[in-house]
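Keep in mind that the numbers below use all heavy atoms, side chains included, and drop hydrogens, waters and symmetry copies. The chains referred to below are lettered A, B, ... by the order of the sequence lines, with proteins before strands, and numbering in each begins at 1.
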Number of protein chains: 2
Amino acid sequence: MKRIADSTVRRLSIYLRFLEDFEKRGIATISSDELAARGGTTSAQVRKDLSFFGSFGKRGLGYSVAELSARLRQILGLEREWQVVIIGAGKIGAALAQYHGFAQRGFRIVAVYDSDPAKVGRSVDGLVIRSLDSLPEEAKRHPPDIAVLAVPATAAQEVADMVVKSGIRAILNFAPQQLQVPETVAVKAVNMAMELEGLSFALTNG
Amino acid sequence: MKRIADSTVRRLSIYLRFLEDFEKRGIATISSDELAARGGTTSAQVRKDLSFFGSFGKRGLGYSVAELSARLRQILGLEREWQVVIIGAGKIGAALAQYHGFAQRGFRIVAVYDSDPAKVGRSVDGLVIRSLDSLPEEAKRHPPDIAVLAVPATAAQEVADMVVKSGIRAILNFAPQQLQVPETVAVKAVNMAMELEGLSFALTNG
DNA sequence: TTGGACTTGTGAATTTCTTCACAAGTTATC
DNA sequence: GATAACTTGTGAAGAAATTCACAAGTCCAA
Ligand SMILES: NC(=O)c1ccc[n+]([C@@H]2O[C@H](COP(=O)([O-])OP(=O)(O)OC[C@H]3O[C@@H](n4cnc5c(N)ncnc54)[C@H](O)[C@@H]3O)[C@@H](O)[C@H]2O)c1
Ligand SMILES: NC(=O)c1ccc[n+]([C@@H]2O[C@H](COP(=O)([O-])OP(=O)(O)OC[C@H]3O[C@@H](n4cnc5c(N)ncnc54)[C@H](O)[C@@H]3O)[C@@H](O)[C@H]2O)c1
C-alpha cells in the first residue's frame, strides 16, 4: 500500500469524531462538504484522503454515516482493543490513568508502572502501581501494544529502551525529550511546551 | 515576512531544547549536522529552517550555542513572560497547574478557572480556583496572553467563545473538539486520543 | 602562504501535499 | 424519460516542503 501521510491519518481521526457525533444524532448521510466545514479543511481534501483507501461514497448523495465511520474505524485499526500500559505514576500519569475517554475508544489501560518504591503498591483508579522492573517479565506473558511514557525527561530514553526491549512496538511520549528507537517502533510525542512555544511564536509574529 | 510553516516552528523548538542542553554542558559551538542528528532531521533542513530568519552560523565552524539559542528564544518570542490562565480545574487542568516546567520556559500560570461552585475557592498549587464568570472582568484588568482549555468537550466551544470575547488571542485546547474561532486567534490542540489513533494506525498498517 | 578539512547559506531539483476542475453517477421533479 | 440539482472520485495542476549540491568562508597545521 502507498505510504499514507501523517496529516492524512490525523484528518481521518477528525472525520471519525464528527461521524460518531452525526451517528448519535441519527443523521444518515453526509457530504464531503459538510465533513470539511467542521474539520476546517476542504471537500477535495476529504475526498482525496478517503480515496487512498477506496471509494465509500455515492455520487449525488454523499457518504453513509454508519458505513463511513465503520470503514474509518477499520482503517485506523480501532475495531480491536489495544492494551496500554502507563509508565510513570506522577501527576500526568495519574491523570491519564483516571481518564476514561481512552477506554471508550478501545485503548484499555491494563497496567501502571513506576520506579519509585514509595508509589509501587498504591492504586490509581483501581489499578495497582507495579514496579518497572517487572515490566519485561510481565510483558512476556501479556504483551501490551502501546506504552505511554509519563516519566521525567531525564529518564525517558532509558525507559524507552526498556519498553522496546520488552517487545512493545508503539510509544506515546509525554516527556519533552526526543526518543531514539528502532524504526520498527512507532513513536508519537505530546509536547505541550512545544505547543505553547508555537503560540508564543504566533503571538509574537502574528 | 514570508509565512513560516508550522513544521519549521516546531523544529525550532526542538533545536532550542538541544541548544539549552548543550549550553548547560558548556559546549560552545555546534554544527547543523549535530543538531540534526539529535532532532531526527537533516543538516540541510536545520540550515534552511534557520535561513528564514537570518544567518547565524560561521562557515567552517558551526553555530555559537549561546548566540543561536538566544536568537531562537527571540524568534519564538520567549524573551518575555507570557500570562497563562487554565480553564477547567479537573484532572488534567490540575496536573497542568501543578507542573512547573511551563514557568521555567516563561509561561506563568496566573489563574485557574472553573464553573463548578464546589471547586471555586479551593486551591491548586497555591492558586485559588476562580469562577469562570469572573474571567471577562478580570481579563480587562490583567489581560492574559494564553488560555489553556481543560474542560469537557461539550463545554469547549462555549468556553472558547468567552475566552475570545475576553480578548485573549491564543488558546491551547485539550478537549477533543475542533474549535471555531476568528482567524485572529491562534489555536493549538493537544489531542491525545488522536495520537493514540495514529499509533493504532501505524500498528495496523505497519 | 598554501593546502586540506570543515561547515554554512542558498538557488535549484525533487518530492510531497493540496487544490482544481470535470466526467460520471444519483436523486427528485415534472 | 427528460431535466435540473447534487455529489463523488480522480487525473492534472499548483503550491509547499524537503533535499541536493556546491560556491564561499573559516580554521589549522606545516
Ligand atoms: N504534569 C504536566 O502537566 C506535564 C505537562 C507537560 C509535560 N509533562 C511531562 O510529563 C512527564 C511527567 O510529568 P509529571 O508532572 O507527571 O511528573 P511527576 O514527577 O509528577 O511524575 C513522574 C513519575 O515518574 C516516576 N519515575 C521517575 N523515574 C522513573 C523511571 N526511571 N521509571 C519509571 N518511573 C519513573 C516518578 O516516580 C514519578 O511518579 C515529565 O517528563 C514532564 O516534563 C508533564
Ligand atoms: N484527563 C486526561 O488524561 C485527559 C486526556 C485527554 C483528554 N482530556 C480532555 O481534557 C478535558 C478535561 O478532562 P479531565 O479529565 O480533566 O476532566 P474533569 O472532568 O476531571 O475536569 C473537567 C473540569 O472542567 C470543569 N468544567 C466543566 N464545564 C465547565 C465550563 N463550562 N467552564 C469551566 N469549567 C468547566 C469541571 O468542573 C471540571 O473541573 C476533557 O475535554 C478531556 O476529554 C483529558
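- Between B:D33 atom CG and D:dT19 atom C1' the separation is 14 Å, expressed in whole Å.
- Between C:dT19, C:dT8, C:dA21, one nucleotide has an atom nearer to the side chain of A:T42 than all others, and that is C:dT19.
- B:R10 places its CZ atom 12 Å from the P atom of D:dT18, with the value rounded to the nearest Å.
- Residue A:S32 places none of its side-chain N or O atoms closer than 4.0 Å to OP1 or OP2 of D:dT7.
- Counting to the nearest Å, the P atom of C:dT10 and the CG atom of B:D49 are 14 Å from each other.
- In summary, A:K165 and A:D161 do not engage in a salt bridge, as defined by a charged side-chain N under 4.0 Å from a carboxylate O.
- Proximity of B:Y63 to the phosphate of D:dT26: no side-chain N or O atom is located under 4.0 Å from OP1 or OP2.
- The interatomic distance linking B:L50 (CG) with C:dT7 (P) rounds to 16 Å, in whole Å.
- Distance from the side chain of A:S7 is smallest to C:dT18 among C:dT18, D:dT8, D:dC22.
- Remark: P of D:dA12 and CZ of A:R47 are 17 Å apart, rounded to the nearest angstrom.
- At distances below 3.5 Å, not a single donor-acceptor pair connects side-chain atoms of A:D6 with backbone N or O atoms of A:R10.
- Distances shorter than 4.0 Å separate none of the side-chain N or O atoms of A:Q45 from OP1 or OP2 on C:dC17.
- For the pair B:D6 CG and D:dT18 C1', the computed distance is 16 Å after rounding to whole Å.
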- Item | Test log, rule side-chain contact (heavy atoms from CB on, under 4.5 Å), inputs A:R105 and A:L16 | CA-CA 11 Å; A:R105 301 191 76 76; A:L16 178 55; 3.7 Å; yes

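- Listed candidates were D:dA12, D:dT19, C:dC17. Nearest to the side chain of B:K48 is D:dT19.
- One can place NZ of B:K58 at 20 Å from P of D:dA24, the figure rounded to the nearest angstrom.
- Donor-acceptor pairing under 3.5 Å is lacking for the side chains of B:S134 and B:E137.
- In this structure, A:L35 atom CG and D:dC6 atom P are separated by 19 Å, rounded to whole Å.
- When distances run from any side-chain atom of B:S31 to the nucleotides D:dC20, C:dT8, C:dC22, the shortest one goes to C:dT8.
- Residue order along DNA chain C, read from the 5' end via each residue's closest nucleotide, puts A:R11 first among A:R59 and A:R11.
- Electrostatic pairing of A:E79 and A:R73 does not count as a salt bridge here, judged by no charged N lying under 4.0 Å from a carboxylate O.
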